[in-house]
Amino acid sequence: MMATTRELFARHNLRCTAQRRALYENLAESRSHPTAEELFLTVKPSTTRLSLATVYNTLEALCKAGLARKLPTSNGSCRYDADTSEHLHVCFRESNEIQDVPSELGSKLIEHLPRSVIAEIELKLGVQVDGLNIQLLARPSPPRG
Ligand SMILES: [Zn+2]
């Protein structure tokens, strides 16, 4: 059974307000990796007393609690993703839109990363690599034919 947003917030020690709930649920349903402004414009009509500042604060709190990810784009603005599973993104250079790479292709790429180089990085920097965040930069392919 899927946990309700209220239960999910409680498990992550997040205060549950109507605004936060609406923002999280909208982000979780969205496949478009919205910016804070886009999320604000989508959620505002159906939510009382929602300010852009609340959207930013909520997104920060969600990221800190591990319920969302912040994704940088090539123009320096940020997009958000409620899917925190390890998956890769394609970021379009001109539109700064972000798209998920199908997980089977993402895993294929990750599997082919040389473990020996990661081990070397760990040794050289004295760190333990425990995650991976790959973003491919792309432009739409030109029409064929
Ligand atoms: Zn994603």
Side-chain angles (χ1 to χ4, degrees), residues 1-47 49-122 125 127-144:
M1 197 185 80
M2 285 277 284
T4 65
T5 304
R6 191 175 288 282
E7 288 164 354
L8 198 64
F9 279 20
R11 224 182 298 145
H12 287 82
N13 291 314
L14 266 185
R15 202 162 43 86
C16 190
T17 64
Q19 290 98 330
R20 281 183 168 193
R21 216 164 75 184
L23 288 166
Y24 176 73
E25 286 172 357
N26 197 279
L27 184 63
E29 280 165 21
S30 166
R31 303 268 74 223
S32 69
H33 308 86
T35 63
E37 288 81 2
E38 286 168 358
L39 198 60
F40 175 63
L41 292 174
T42 312
V43 177
K44 189 174 169 48
S46 55
T47 312
R49 293 176 168 277
L50 185 68
S51 69
L52 188 55
T54 302
V55 177
Y56 275 108
N57 292 337
T58 300
L59 288 169
E60 284 304 315
L62 289 172
C63 289
K64 220 170 137 186
L67 288 174
R69 279 161 77 182
K70 190 178 187 170
L71 310 166
T73 70
S74 31
N75 76 350
S77 68
C78 285
R79 293 186 166 272
Y80 294 87
D81 194 353
D83 180 357
T84 55
S85 69
E86 200 165 82
H87 64 282
L88 310 190
H89 292 114
V90 165
C91 179
F92 292 94
R93 290 181 186 275
E94 266 116 68
S95 63
N96 292 298
E97 282 166 10
I98 288 183
Q99 197 182 320
D100 284 337
V101 171
S103 60
E104 68 277 11
L105 288 175
S107 329
K108 219 187 255 187
L109 184 63
I110 292 170
E111 276 164 27
H112 283 84
L113 290 175
R115 303 281 153 217
S116 59
V117 176
I118 293 175
E120 221 176 300
I121 291 169
E122 289 183 323
L125 303 185
V127 296
Q128 205 172 356
V129 174
D130 65 358
L132 189 67
N133 189 357
I134 296 183
Q135 200 174 43
L136 307 169
L137 300 179
R139 31 185 115 248
S141 26
R144 284 163 208 259

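Order of listing sets the numbers, starting from 1, for every ligand and every atom in it.
- Taking the side chain as every heavy atom from C-beta outward, Leu71 and His33 approach each other to under 4.5 Å.
- The angle subtended at the Zn ion (ligand 1) by NE2 of His33 and NE2 of His89 is 100°, given to the nearest 10°.
- For the Zn ion (ligand 1), the set of nearby N, O or S atoms under 2.8 Å includes none belonging to Asp83.
- With no hydrogens or angles considered, a side-chain donor-acceptor pair links Glu25 and Thr5 at under 3.5 Å.
- Nearest to the Zn ion (ligand 1), among the N, O or S atoms that Asp81 has, is OD2.
- No side-chain heavy atom of His89 sits less than 4.5 Å from a side-chain heavy atom of Leu136.
- Here His87 contributes NE2 and Asp100 contributes OD1, and at the Zn ion (ligand 1) these two atoms make an angle of 90°, given to 10°.
- Taking the ring centroids of Tyr56 and Phe40, they lie at or beyond the 6.0 Å cut-off.
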